[in-house]
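What follows is a set of notes on a single structure, which appears directly below.
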Amino acid sequence: MTAPEDLLQRWNSTLLAARAGREGPDPAPYGRDLLARWAEPQRRYHTTTHLRAVLDRVDELTDQGGEGGELELVRLAAWFHDAVYRPDRSENEERSAALAERALTEAGLTPHEVAEVARLVRLTVTHDPAPGDLNGETLCDADLAILASDPDTYQGYAKAVREEYAFVPETAFREGRAAVLRQLLGLPRLFHTPYGAAVWEEKARENLEAELATLTA
């Protein structure tokens, strides 16, 4: 089974579970459209590999601590959170949320379900869920879990980010990336779920500090 077909099965299962037995159109065309978006040529980090990783981390959080109140909606938000991605534009999350609103309404979700998925997508702008926002905590932690990966994987992530911003001159990229890293390091906490805080926080900060030192050397 190829990776896209594997992901398509996951999409189909998630959308059907979210609909909870309600009638609706075939989920597969929506999944294929999303997979085509995630495979666009301008992407280097925000690819189907990242999508799969976020979905896996949602599952890991669920297995370890049961975080998340409406897990199928969290998974749908993972599918849509970078569905529209152009590294030279700043409105990607808003456009992704709007895509989710259109597609999921047509696909048979209720207004509450559609609104929640769109809210979660928009939350990935700040990765700052309110206390008690279990859905938001789960999605944001899953999205940032790459920061806590082993050093080689983290370096691959940083390299892919640089490739996505290849149009930015080196000095400007270093300054901008360093500002992003300092902003992350200045947060009281990167991860909001109990599992994320316990398992990912320290390693993520080590990786961020190491990248920042390299950029500013």
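These numbers were taken from a predicted model, which means no experiment stands behind them.
- Between Glu40 and Arg86, no side-chain nitrogen of the basic residue sits less than 4.0 Å from a carboxylate oxygen of the acidic one, so the salt-bridge criterion is not met.
- Proximity of Gln9 to Glu5: side-chain heavy atoms (C-beta onward) are nowhere separated by under 4.5 Å.
- Scanning for ring pair (Phe, Tyr, Trp, His ring centres under 6.0 Å) contacts around Tyr154 gives Tyr157, with sequence neighbours left out.
- Listed by chain and residue number, Gln183, Leu184, Leu190 satisfy the side-chain contact (heavy atoms from CB on, under 4.5 Å) test with Leu187 (two or more places apart in sequence, or in another chain).
- With sequence neighbours excluded, the residues forming a salt bridge (charged side-chain N to carboxylate O under 4.0 Å, His left out) with Asp33 are Arg37, listed by chain and number.
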**Prompt:** side-chain hydrogen bond (donor to acceptor under 3.5 Å, both in side chains) between Asp143 and Thr124: does it pass, once the steps are laid out?
**Reply:** CA-CA 8 Å; Asp143 192 27; Thr124 62; 5.1 Å; no

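- Legend: residues meeting salt bridge (charged side-chain N to carboxylate O under 4.0 Å, His left out) with Asp133, ordered by chain and number and at least two apart, are Arg119.
- A search for ring pair (Phe, Tyr, Trp, His ring centres under 6.0 Å) contacts involving Trp38 returns His81, not counting sequence neighbours.
- Legend: residues meeting ring pair (Phe, Tyr, Trp, His ring centres under 6.0 Å) with Phe173, ordered by chain and number and at least two apart, are absent.
- The nearest pair of heavy atoms linking Ala83 to Leu34 is CB-CD2, 3.8 Å.
- Side-chain contact check for His192 versus Thr138: every heavy-atom pair is 4.5 Å or farther apart.
- Hydrophobic clustering keeps Val114 apart from Leu16 (ILVMFWY residues linked when any side-chain heavy atoms are closer than 4.5 Å, directly or through intermediates).
- None of Glu163, His50, Arg162, Glu164 except one satisfies the side-chain hydrogen bond (donor to acceptor under 3.5 Å, both in side chains) rule with Tyr45; the exception is His50.
- Of all heavy-atom pairs between Leu61 and Ala142, the closest is CD1-N, 4.1 Å.
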**Request:** Check step by step if side-chain contact (heavy atoms from CB on, under 4.5 Å) holds for Val74 and Leu120.
**Result:** CA-CA 7 Å; Val74 174; Leu120 292 170; 4.3 Å; yes

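- Residues Leu8 and Leu35 are in side-chain contact: their nearest non-hydrogen atoms beyond the backbone lie under 4.5 Å apart.
- The side-chain contact (heavy atoms from CB on, under 4.5 Å) test applied to Ala28 returns Asn12, Asp26, Arg32, not counting sequence neighbours.
- The pair Arg10-Asp56 counts as a salt bridge, with a side-chain nitrogen and a carboxylate oxygen less than 4.0 angstrom apart.
- Scored by the side chain to side chain donor-acceptor pair (under 3.5 Å) test, Glu202 finds no partners at all (sequence neighbours excluded).
- From Thr214, atom OG1 reaches atom CD of Glu209 across 11.5 Å, with rounding to the nearest 0.5 Å.
- Taken from CD in Glu116 to CG in Leu109, the straight-line distance is 11.5 Å, to the nearest 0.5 Å.
- Under the 4.5 Å side-chain criterion, counting only non-hydrogen atoms from C-beta, Pro87 is in contact with Phe167.
- Of the possible polar contacts, none joining the Glu137 side chain to the Thr193 backbone as a donor-acceptor pair under 3.5 Å is found.
- Scanning both residues, Leu76 and Ala18, for their nearest heavy atoms gives CD1-CB, 3.8 Å.
- Scanning both residues, Leu185 and Arg205, for their nearest heavy atoms gives O-NH1, 2.9 Å.
- If you take CZ on Arg52 and OG1 on Thr47, they are separated by 10.0 Å, rounding to the nearest 0.5 Å.
- Note on ring orientation: taking the six-membered ring where Trp is involved, the planes of Trp200 and Tyr195 are perpendicular (angle over 60°, cut-offs 30° and 60°).
- Neither Tyr85 nor Val125 shares a network with the other; the hydrophobic side chains, linked directly or stepwise wherever heavy atoms of I, L, V, M, F, W or Y lie under 4.5 Å apart, form separate groups for each.
- Judged as a ring pair (Phe, Tyr, Trp, His ring centres under 6.0 Å), not a single pair has a partner in residues 92-125 (not counting sequence neighbours).
- Here the straight-line distance linking atom OH of Tyr165 with atom CG of Asp88 works out to 8.5 Å at 0.5 Å rounding.
- Sorted by first then second residue, the side-chain hydrogen bond (donor to acceptor under 3.5 Å, both in side chains) pairs that include residues 14-24, not counting sequence neighbours, are Arg22-Glu113.
- Using modelled atom types, no side-chain atom of Thr153 and backbone atom of Ser149 make a donor-acceptor pair closer than 3.5 Å.
- Nearest heavy-atom pair across Arg75 and Val58 is CG-CG1, 4.1 Å.
- Residues Leu71 and Asp59 form no side-chain contact, since every pair of their non-hydrogen atoms from C-beta on lies 4.5 Å or further apart.
- A salt bridge does not link Lys203 with Asp150: every distance from a Lys NZ or Arg NE/NH1/NH2 to an Asp or Glu carboxylate oxygen is 4.0 Å or more.
- Checked against side chain to side chain donor-acceptor pair (under 3.5 Å), Glu106 has the following partners two or more places apart in sequence or in another chain: Tyr30.
- The salt bridge (charged side-chain N to carboxylate O under 4.0 Å, His left out) search around Glu94 returns Arg122, not counting sequence neighbours.
- In this structure, Leu123 and Leu139 have side chains that are not in contact, with every pair of non-hydrogen atoms separated by 4.5 Å or more.
- Within the 4.5 Å cutoff, the side chain of Leu104 has heavy atoms near those of the Phe80 side chain.
- Looking only at side-chain heavy atoms (C-beta outward), Val121 and Asp82 stay at 4.5 Å or farther from each other.
- Heavy-atom minimum distance, Ala78 versus Val54: CB-CG1, 3.7 Å.
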